[in-house]
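What follows is a short report on a single structure.
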Amino acid sequence: MTDASAEMVTAILPLYLMYGLGLGFLQLGALDALYTGATALLRLAGGHVADRLGRPKAVAIAGYGLSAVTKLGLPAVGGSLSGLSSVIAVDRAGKGIRTAPRDALISLSTPVEDLGRAFGVHRALDTAGALLGPLLGFAIIAAIPGGYDVVFTTSFCLATIGVLVLIFFVTQPRTIVTKAAVSIRAGLAAATAPELRRLIIAATLLGLVTVGDMFLYFSVQRTAGLPPKILPLLPLGTALTFMLAAIPFGRLADRIGRWKLFLLGHALLLTAYLLIATNTKAA
């Protein structure tokens, strides 16, 4: 439910920003960078607070709730770039806060030998929401041209349902019995341990060359000469492939090794970027 809410906004935002508010590529790129990058440090904070309190579910609820409330902030700030930036930053802050404790809940509920499959199931269900969100957004805009406020309000309702599901239907694993008094300094020291250092460096370098989805979809729409109203549907191809591949590739990672699959995924992403860049030059 939360991902349907978030992806509905993600799919509509380029259309809203470029055609509804008349922003340029520079502003879109800046907002897209904020949208995708504002979660980085807060993921550390969310994980740290969950460990200190020994209550990852409560921290996850706070993060999901914060993101839900911001959906009503988008129509409230109107065309103000600073207002939009602030609302998007708070929304992504909620995502950053909830990510680590949510993943902790999954890992603590799963046998080690089934972690790949467990996270594959999570990503598949998450992406099912990513399929539903753009479809709902497109249907609303098609029925109510310019009805961005209706999209944002619907997104808020879906996000609220997601928070309620988390509160009433998710059980915190009993393996969490004590609070973990881990200092931030100790946490950062653990992150530099040899077994994590390579992963962090690789993920950082690969993340720096990853293009934001919002900017990418808008570029494809403009290059292919597609009607603006089709823009919310472009994420569907990505979401459908993700949903179908998540569980099989999660199982494959358990068998052949997660490093190999991690690098293979980025190699495929680079290939996609090169194909899009080639077609852009040809156009």
Side-chain angles (χ1 to χ4, degrees), residues 1-36 38 64 67-92 94-95 125-163 211-243 276 283:
M1 299 305 295
T2 299
D3 212 67
S5 166
E7 293 303 322
M8 175 187 299
V9 172
T10 301
I12 292 298
L13 264 182
L15 187 65
Y16 176 61
L17 297 174
M18 299 297 288
Y19 295 106
L21 302 180
L23 298 185
F25 272 103
L26 181 60
Q27 292 95 331
L28 178 65
L31 288 173
D32 189 36
L34 182 64
Y35 196 80
T36 56
Y64 279 103
S67 292
V69 171
T70 60
K71 302 303 186 295
L72 295 180
L74 288 168
V77 298
S80 168
L81 185 60
S82 60
L84 286 169
S85 300
S86 300
V87 171
I88 289 173
V90 174
D91 173 57
R92 295 297 87 185
K95 180 176 176 60
L125 293 173
D126 197 63
T127 311
L131 280 170
L132 177 63
L135 285 174
L136 285 174
F138 175 79
I140 292 171
I141 292 299
I144 311 173
Y148 300 109
D149 289 0
V150 180
V151 173
F152 298 141
T153 303
T154 304
S155 175
F156 167 75
C157 294
L158 291 176
T160 301
I161 293 172
V163 174
V211 178
D213 289 345
M214 189 179 354
F215 195 83
L216 186 64
Y217 294 137
F218 183 75
S219 299
V220 170
Q221 180 260 323
R222 292 289 293 268
T223 302
L226 299 173
K229 65 179 181 180
I230 297 297
L231 189 56
L233 296 180
L234 293 182
L236 293 180
T238 302
L240 180 61
T241 303
F242 203 142
M243 184 178 68
I276 293 173

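Quick caveat: nothing in here was measured; it's all calculated off a predicted structure. When reading the values below, keep in mind they use all heavy atoms of this one structure, side chains included, and skip hydrogens, waters and symmetry mates.
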With sequence neighbours left out, what residues match Asp3 under side chain to side chain donor-acceptor pair (under 3.5 Å)? none
Among residues two or more places apart or on two chains, list those pairs meeting ring-ring contact (aromatic ring centres under 6.0 Å, His included) that have a residue in residues 128-148. Tyr16-Tyr148
Taking only residues two or more places apart in sequence, or in another chain, which ones meet Phe156 in a ring-ring contact (aromatic ring centres under 6.0 Å, His included)? none
For a quick test of reading the model, state the closest non-hydrogen atom pair linking Ala68 to Val163 and the distance between them. CB-CG2, 4.5 Å
Partners of Leu125 by side-chain contact (heavy atoms from CB on, under 4.5 Å), sequence neighbours excluded? Val121
Close side-chain approach of Leu158 to Leu136, heavy-atom, < 4.5 Å: yes
Can you list everything that forms a side-chain contact (heavy atoms from CB on, under 4.5 Å) with Pro145? Sequence neighbours excluded, please. none
May I have all residue pairs that pass salt bridge (charged side-chain N to carboxylate O under 4.0 Å, His left out) and include part of residues 125-136, sequence neighbours excluded? Arg123-Asp126
Would you mind reporting whether Tyr64 and Thr2 have side-chain heavy atoms less than 4.5 Å apart? yes
Tell me every residue that passes side-chain contact (heavy atoms from CB on, under 4.5 Å) with Leu131, counting only those two or more places apart in sequence or in another chain. Leu236, Ala239, Leu240, Met243
Rounded distance (nearest 0.5 Å) linking atom CE of Met8 with atom CG of Leu132: 6.5 Å
Hey, could you give me the CG/CD1 distance between Asp149 and Ile144, rounded to the nearest 0.5 Å? 10.0 Å
Using side chain to side chain donor-acceptor pair (under 3.5 Å) as the criterion, list what pairs up with Thr70, not counting sequence neighbours. Asp91
Sequence neighbours left out, what pairs pass side chain to side chain donor-acceptor pair (under 3.5 Å) with at least one residue falling in residues 154-163? Ser5-Ser155
